[in-house]
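Just so it is clear: chains get the letters A, B, ... in the order the sequence lines come, proteins before strands, and each one is counted from 1. These numbers come from the heavy atoms of this one structure, side chains and all, not from hydrogens, waters or symmetry mates.
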Amino acid sequence: MARPALNTLATKDEFVRLCASGRLKDALRRPFRGVLWSDAARLFSHLFRACRALRPLRQLHAFAATSGAATDRFTANHLMLAYADLGDLTVARDLFDRISRRNVMSWNILFGGYIKNGDLGSARKLFEEMPERNVATWNAMVAGLTNLGFNEESLGFFLEMRREGMHPDEFGLGSVFRCCAGLRDVVSGRQVHAYVVRSGLDRDMCVGSSLAHMYMRCGCLQEGEAVLRMLPSLSIVSCNTIIAGRTQNGDSEGALEYFCMMRGIGVAADVVTFVSAISSCSDLAALAQGQQIHGQAIKAGVDKFVPVMTCLVHMYSRCGCLSDSERVFFGYCGSDTFLLSAMISAYGFHGHGQKAIELFKQMLNGRAEPSDVTFLALLYACSHSGLKEEGMDCFELMTKTYGLQPSVKHYTCVVDLLGRSGCLDEAEALILSMPVTPDGVIWKTLLSACKTQKNFDMAERIAKRVIELDPHDSASYVLLSNIRATSRRWGDVSEVRKAMREKNVRKEPGVSWVELKGQIHQFCTGDESHPRQKEIDECLKEMMAKIRQCGYSPNMGMVLHDMEDEEKEVSLSHHSEKLAIAFAFLSLPEGVPIRVMKNLRVCDDCHAAIKFMSQVTGREIVVRDVSRFHHFKDGRCSCRDYW
DNA sequence: ATAGGGTTAG
């Protein structure tokens, strides 16, 4: 673009445009030739706002001072605003003190400066001292407290504002809903909603989006969508709210549908849109769609934005493409905690504990400040790679050196870490002594460890506790019956089933991890609500047909687990999982070895099934040392009794 | 006549 000749006289509009586009020098060189001095204050205000750093602002400040404009209240207010935005509250305060006849604006600007910079103490003090407060003052207080995470206080100020007879306007209501969303307080949210409707502000785009977001955050997806449908038009924010809301409420497929619809009607996606859309691809492990959206992000020029990169790292990891996560990550040399944590998490997810630790060491060497999120990713990585010492060191570093308060999730990783390395008692002692309330997950983690360590007595004890904690959680019963089955106490297994029947607990469909074509897919067998269920069902149907064609019974198949060692374990499980695995076998790429490991209970039927799989896939399936583990009960394979 | 206060995401 050709620059205008700078020796010509500027119109005010041109001047404002130059300031807004950050071309401060050009702007400065032009207007003071022949522009009326009465306009100087207004022109300065544009200049101040255009400053992106303190240095040019100080230069301008000095210039304004020599020309006498800085004593003007209007100019001083603007100067103060510019300093406050750049975080220099000392100068802002100094300017404020020098203003002889301050107006509400002067007070509001300094107040806003304190609160935006997180100096709540000075903000409160100023708030008390203010001779006059208006709606903007209160709005700033409510928004500021919400931003700083003081949601209860924020809501309290909003109520006080109403008591003082102040009428909240469209500028402040957005923050109130944001604060209700943070508190998951749909009751207060609804009350404010009623006020919004009464005051006719419910058609404001900004109020509407935040209101809808509040409902969605509180789990009321339909109510949120209804609010957005009532708005006079679509904005990028309201579209983003729908996509994020659907993703967070478990409707990732719906989120992607909406994303595609946006393209169709020509609403341009922004960074937030891409972040949410890519997140929903992670949930669905939808690689193809994720790649496509990645491509769109490149086209839109937002693929190098840190939050987008973070989501991409996560998405590729969840889809089994660790090398693509790395490709995205290695294009970045900055120091964002979220992004680095996402890569650590990806390494952990894929069992590369050492690589996770190496990356963490980069953080310790000053690349980025580790947070609770980082430590969670790292602890997970250690527990899933069997790195007990490293994991415990990391936990100590987190609590002692960084003084971070571990959540129950952190403790669960440590319990997993201890449990997998055989320290069951230590793990139990940790749960009993930790300062946070243990949840079902942490006990179930310990129960799982009991199973792997074959400590059946402890397992019985923990299982009792877990079932007492939530008598309707089928997972605990399943785990217990698995444990009893492992020790071949079939009578006790039937007892668990009986207990489930009595308490009317329905077994949830099992969740399986399967590697397909180099990607990892998670799916719930027989779970109709699972987003990939349709696809899985189709493959299963195809598989069933083939099985029948060959004259075999359809409930033969196997489950493929990710194992600690390089090989894949094939174990027998219940009907639907067997079929899922049959599907997995069919889809495994050439060259991936299929080995049936020796610690299996395999009967003749199962041998036949393996043979059959080999026929269908045209691949060799190596069966190793199965003879020792034949296990029959009443002349039938135990797998028949298994659920 | 101007300025101050607002929504969505990792």
- Task: Could you tell me how the ring of A:Phe349 sits relative to the ring of A:Tyr380: parallel (under 30°), tilted (30 to 60°) or perpendicular (over 60°)?
- Result: parallel
- Ring center gap for A:Phe157 and A:Phe127 short of 6.0 angstrom: yes
- Query: Taking the six-membered ring for Trp, is the centroid-to-centroid distance between A:Tyr402 and A:Phe375 below 6.0 Å?
  - Reply: yes
- Message: I want to check one thing: is the phosphate of B:dT7, taken as OP1 and OP2, less than 4.0 Å away from some side-chain N or O of A:His213?
- Response: no
- Query: With sugar-phosphate meaning primed atoms plus P, OP1 and OP2, does A:Val313 contact a base, only sugar-phosphate, or nothing at under 4.0 Å between heavy atoms?
  - Reply: nothing
- Task: Return yes if a side-chain donor-acceptor contact under 3.5 Å exists between A:Asn151 and A:Ser154, otherwise no.
- Result: no
- Query: Among residues 357-383 of chain A, which residues get a heavy atom nearer than 4.0 Å to DNA chain B?
  - Reply: none
- Message: So that I know where these two stand, are A:Tyr316 and A:His294 an aromatic pair - ring centroids less than 6.0 Å apart?
- Response: yes
- Message: Please report the distance, rounded to the nearest Å, between CG in A:Asn103 and C1' in B:dG5.
- Response: 15 Å
- Message: Quick check for you: among B:dA9, B:dA3, B:dG6, whose closest atom lies nearest to any side-chain atom of A:Ser276?
- Response: B:dA9
- Task: Give one of base, sugar-phosphate or nothing for A:Ala140, where a contact means two heavy atoms less than 4.0 Å apart.
- Result: sugar-phosphate
- Message: How many whole angstroms separate atom CG of A:Asp303 from atom P of B:dA9?
- Response: 22 Å
- If you check every side-chain atom of A:Asn77, which of B:dT8, B:dG10, B:dA3 has the closest atom? B:dA3
- Message: So A:Glu369 and A:Met363, do their side chains get closer than 4.5 Å, heavy atoms only?
- Response: no
- Query: Taking the six-membered ring for Trp, are A:Phe395 and A:Tyr411 ring centroids under 6.0 Å apart?
  - Reply: yes
- Query: In whole angstrom, what separates A:Met214's CE from B:dT7's C1'?
  - Reply: 13 Å
- Message: As a test of reading the structure: which of B:dT8, B:dG10, B:dG5 is closest to the side chain of A:Pro307, going by heavy atoms?
- Response: B:dG10
- Report the distance from atom CD1 of A:Ile109 to atom P of B:dG5, rounded to the nearest whole Å. 8 Å
- Query: Can a salt bridge be assigned to the pair A:Asp119 and A:Lys125 using a cut-off of 4.0 Å between side-chain N and carboxylate O?
  - Reply: no
- Rounded off to whole Å, could you give me the NE2-to-C1' distance for the A:His78 and B:dA1 pair? 11 Å
- Item | Neighbours of DNA chain B within residues 323-339 of chain A, by heavy-atom distance under 4.0 Å | A:Asp336, A:Phe338
- Task: Please state how far atom CG in A:Asn117 lies from atom P in B:dG5, giving the value in whole angstrom units.
- Result: 12 Å
- Identify which nucleotide among B:dA9, B:dG5, B:dT8 has an atom closest to any side-chain atom of A:Phe171, counting heavy atoms from C-beta outward. B:dG5
- Side-chain atoms of A:Asn139 come closest, of B:dA3, B:dG10, B:dG5, to B:dG5
- Rounded to whole Å, CG of A:Leu228 lies from P of B:dT8 at a distance of 12 Å
- What nucleotide, of B:dT7, B:dG6, B:dG10, holds the atom closest to the side chain of A:Ser209? B:dT7
- Query: Do A:Leu340 and A:Phe360 touch side chain to side chain, with heavy atoms closer than 4.5 Å?
  - Reply: no
- Give A:Arg217 one of three labels, base, sugar-phosphate or nothing, depending on what nucleic acid heavy atoms sit under 4.0 Å from its own. sugar-phosphate
- Item | Donor + acceptor pair across side chains of A:Asn103, A:Asn108 (<3.5 Å) | no
- Task: State whether the distance check finds a donor on one side and an acceptor on the other, under 3.5 Å, for side chain A:Asp169 versus base B:dG6.
- Result: no
- Query: So, is A:Gln248 near the phosphate of B:dA9, with a side-chain N or O under 4.0 Å from OP1 or OP2?
  - Reply: yes
- Among the nucleotides B:dG6, B:dT8, B:dG10, which one has an atom lying closest to any side-chain atom of A:Thr310? B:dG10
- Message: Can you see if the side chain of A:Arg246 gets near the phosphate of B:dA9 - specifically, an N or O under 4.0 Å from OP1 or OP2?
- Response: no
- Task: Would you classify A:Val104 as touching base, sugar-phosphate or nothing, given that sugar-phosphate means primed atoms plus P, OP1 and OP2, and contacts are heavy atoms under 4.0 Å?
- Result: base
- Task: Mind checking A:Ser210 for me? I need base, sugar-phosphate or nothing, with any heavy atom below 4.0 Å counting as a touch.
- Result: sugar-phosphate
- Starting at atom CG of A:Leu211, determine the distance to atom C1' of B:dG6, rounded to an integer number of angstrom. 14 Å
- Task: Determine the contact category for A:Val308: base if any of its heavy atoms lies under 4.0 Å from a base atom, sugar-phosphate if only primed atoms, P, OP1 or OP2 are that close, otherwise nothing.
- Result: nothing
- Item | Residue A:Ser175, side-chain atoms from C-beta onward, closest of B:dA3, B:dG6, B:dA9 | B:dG6
- Message: Closest approach to the side chain of A:Val207, judged atom by atom: which nucleotide of B:dG5, B:dG6, B:dA3 is it?
- Response: B:dG6
- Going by atom types only, do A:Tyr258 and A:Glu225 share a side-chain donor-acceptor pair under 3.5 Å? no
